[in-house]
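Chain naming here is simple, since letters A, B, ... match the order of the sequence lines and numbering starts at 1 in each.
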Amino acid sequence: MNDIGEFTLMVALATSLYGTVAYVMAARGNRMDLYRSAGKAPVITWACVMVSSIALWNALFTNDFSLQYVWAYSNIELDYFYKFSSFWGGQKGSLLFWALILTSYMTAVYFQGRPKNLLLVSYAMAVMLAITTFFLFLLNFSTNPFERIPLPPLDGRGLNPMLQNYWMVIHPPTLYLGYIGFTVPFAFAMAALITKNLDDAWIRLTRKWTLIAWFFLCMGNLFGASWAYVELGWGGYWAWDPVENASFMPLIVATAYLHSVMIQEKKDMMKVWNMSLILLTFVMTIFGTFITRSGLIQSVHTFDEATLGYYFLAFLLFIIVLCVVLIIKRLPLLKSKNELDSFLSREASFLLNNLVLLGIGFATFWGTIFPIISEAVRGVKITVGPPFYNQVNVPIGLILLALIGIGPVIAWRRATWSNLKKNFMKPVITASVGAAALFPIVPLSNRSEIYTYIAFILCIFVMSTIIMEFFKGTRARRELHQETAVSALGTLVWRNKRRYGGYIVHVGVVMIFAGIAASQSYGTHVEKHVKIGETIEIGDYMLRYEKLVPIQATSVKTRVVAQLAVEKNGRRIWTARPEKEFYKGQDQPVSEVDVRSTLVSDLYVILADFREDESATLKVYLNPMVSWLWMGGWVIALGTVVCAWPDRLEQRRRLERLKRQQAVFAPAQE
Amino acid sequence: MIRIQKAVLILTVVFLAGIAAVESAYAGAMLADLENALMCKCDDKCGKVLINCTCSTSDETRKKFTKLLDSGLTVEQIIQQQVEKHGETVLSAPTKKGFNLTAWVVPFGALLVGGLGLRRLIQTWTGKNDSGKKGPEGEGEKISSTGPSKYSRQLQDELDRLEL
């Protein structure tokens, strides 16, 4: 099976290379025969990569330690669940996983674009196949997951205990689906530049793909935060680690793109800007991969064998140069009308939104690379950690939050005084009442608390604007069509999926902002060494330490579980069981926290240390509103589904428009 | 329109002034938390801020810092001690002096430059539109000199309602 896996990787490389060349030749020569031949390449490449992946999974499940990768990231005792996720636990496997997702996306785009015979699709396929070729080249010649060990050991080293968490089964695939998903709009943008079809056709063709990629990247970030929260055991969920930043930056740039693209669709403006943003999003995904796989920047996420830096750096530079050259060459064709009626218009507020989003993206990028700049300029290595990002990004983030409320309700073209008064009076009054109500309740003793107070006021303002929008739309439909409120609301959302789906996404974002603000400022924690029967008090809770139980879970894993009765108002409401896990051959034990999550706060219990006399050091955190973050994520998911829901009328219109532009193959050589 | 622009300007100034006030209020307290200000220096080079780290080295470091604080050393002295021992890399954020200041200034500078550029761009675009509206015989000037007519106001109101 390993031989088959290795062989199919070679076939996949050859096929993708052929497909790239054939698609380009078909498009340049307008040859339908070559186009049809090239059309088989994405499917064959995908099938080969899939066979290769099945071969690696098979080796993991059958404990085939003759493969160096299986030995390094699995062992006999490893749960099947984690044997499955070991596939992407190391560099080689994760690259194969990358190729699998990329070819899957490519095949889906192929089947979606096949009936249309579009020139644009042809070049987009060529770009995707070229990118696939790069990854397959690495897999075949630099980091082959089927590398053998001459004398296979009896057992493997095992998967890093930190990665043995259910979130690590969900988080990397989700993040990869986001990262790699941006290859599709990137490929179409490149195709548009090459074919000179520079109206908004490529944007409309890839809108759903962009939304899907954005959604997965957003959820991938949130799932990563969930993993950090339950696995790393420090009470937080985001540490501004360089690799976290690397997944955050494309998300921010893509968010800017998703907003500014609306102006192009509506007013045929900002073509260069939108093109640059989507290309930058893809560049950022490759930059993130470069960071993870180069070992250049110190990070908890960096792969053990970070040896691919030069390959990714070369690939990154090649893409940047190509994008810049193509954009410069096509500048005359990318000229837009670029007319705005007023500073006070939705268009202007979207531009400001773009500026702020890119400001956050740039600050994050700057912080990530500043250690390298410092070392190059001064020869001094420095660290840029959370205090920097919190001080720089939080104020900019607050401006962004305000814009989330302003942007969607300010009028297109030109807002008049009456328009502003009509749309903003009630939200501003609501926010002011909220501010007055919160003022005596919330503490305002330091910077963080003041920021949180401002964030809460802005959250109230944004939520009011969104609720007002739903209310006004529902009322208008009720008056016009004599519908019930529920039916009017349903039809309103269904008929304007994109707009109201967007509002739902904004609700999710507001929830995330509120969750971050509260948990960052109002959290408390207690650390105490206790003997059996002793108690720890935090907030309204009292935790009584009951017992310490050692459990031999497997031959390589021992669990030590502390049991605590959690009481509130004298009534037992929960039993906390934080634990420490000891893995054979690993120096550091892993903390498994126990969390009781409610809408108000999370009670987060960590077993920090224990002694032979069964006394234990326990850390207890009371983290307010953390669950709002995760709920916000699901609200974003709902909004994205509404936005991306298929609209047949729009699809038909899009195809007709493309056909009118003759951006299709003429079957000259059929 | 001028009234609206003034209102927006005032709101922006108030917001930025608020942020500036918040910054200065906190500046003195920034180094109060050693765990926040220093990185964990464990052998694994975990790359975590001390407050986020759960390894055994971080536990020992915390105990050591507690002892140092008890012995009368200030937070600044302990930080200085750590910098002398491990170099600047032990600090969780760049200092706000010398070349490191660029780390703090550049993001806001970029935002400011971007904001000014955006303002100029919008001015150009709105100016282009205004000049485009003017008819060949100065009709635009004629209309603007008399202010918005009843019909243009009605059109604007209807366009506003179109957003529903």
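- Heavy atoms of other residues, nucleotides or ligands lying less than 6.0 angstrom from NZ of Lys421(A) number 12 at most.
- Both the backbone and the side chain of Val392(A) have a heavy atom closer than 4.5 Å to some heavy atom of chain B.
- Nearest heavy-atom pair, Arg119(B) versus Phe343(A), reported as atom, atom and distance to 0.1 Å: O-CZ, 3.7 Å.
- Proximity to chain A (any heavy atom under 4.5 Å) is restricted, for Leu118(B), to the side chain, taken from C-beta onward.
- The existence of a salt bridge linking Arg378(A) and Glu88(B) is confirmed by a sub-4.0 Å separation between a basic side-chain nitrogen and an acidic carboxylate oxygen.
- Side chain to side chain, Thr383(A) and Thr89(B) meet the donor-acceptor criterion of an N or O pair below 3.5 Å.
- There is no contact between Val394(A) and chain B, counting heavy-atom distances below 4.5 Å.
- With a 4.5 angstrom heavy-atom cutoff, Ile360(A) does not touch chain B via any of its atoms.
- Separation of atoms CD1 (Ile122(B)) and CG (Leu351(A)) is listed at 5.0 Å; rounding is to 0.5 Å.
- Contacts with chain B were tallied for Ser445(A), Pro386(A), Ser345(A), Ala239(A); Pro386(A) has the most, counting heavy-atom pairs under 4.5 Å.
- Of all non-hydrogen atoms in Trp366(A) and Thr102(B), the two that sit nearest each other are NE1-O, 3.4 Å.
- The shortest side-chain heavy-atom distance between Trp125(B) and Glu347(A) does not fall under the 4.5 Å cut-off.
- In this structure, no portion of Thr95(B) lies under 4.5 Å from any heavy atom of chain A.
- Between Pro94(B) and Val384(A), the shortest heavy-atom distance links the atoms CG-CG2, 3.9 Å.
- In this structure, the portions of Ala103(B) lying under 4.5 Å from any heavy atom of chain A include both its backbone and its side chain.
- Shown here for Gln391(A) and Phe108(B), the closest heavy-atom pair between the two residues is O-CZ, 4.2 Å.
- Summarising the geometry of Phe99(B) relative to Ser374(A), their closest heavy-atom pair is CE2-CA, 4.0 Å, with the distance given to 0.1 Å.
- The heavy-atom pair separating Gly359(A) from Leu111(B) by the smallest distance is CA-CD1, 3.6 Å.
- With contacts defined as side-chain heavy-atom distances shorter than 4.5 Å, the pair Phe362(A)/Val106(B) qualifies.
- Taking 4.5 Å as the limit, some side-chain heavy atom of Phe388(A) sits within range of a side-chain heavy atom of Pro107(B).
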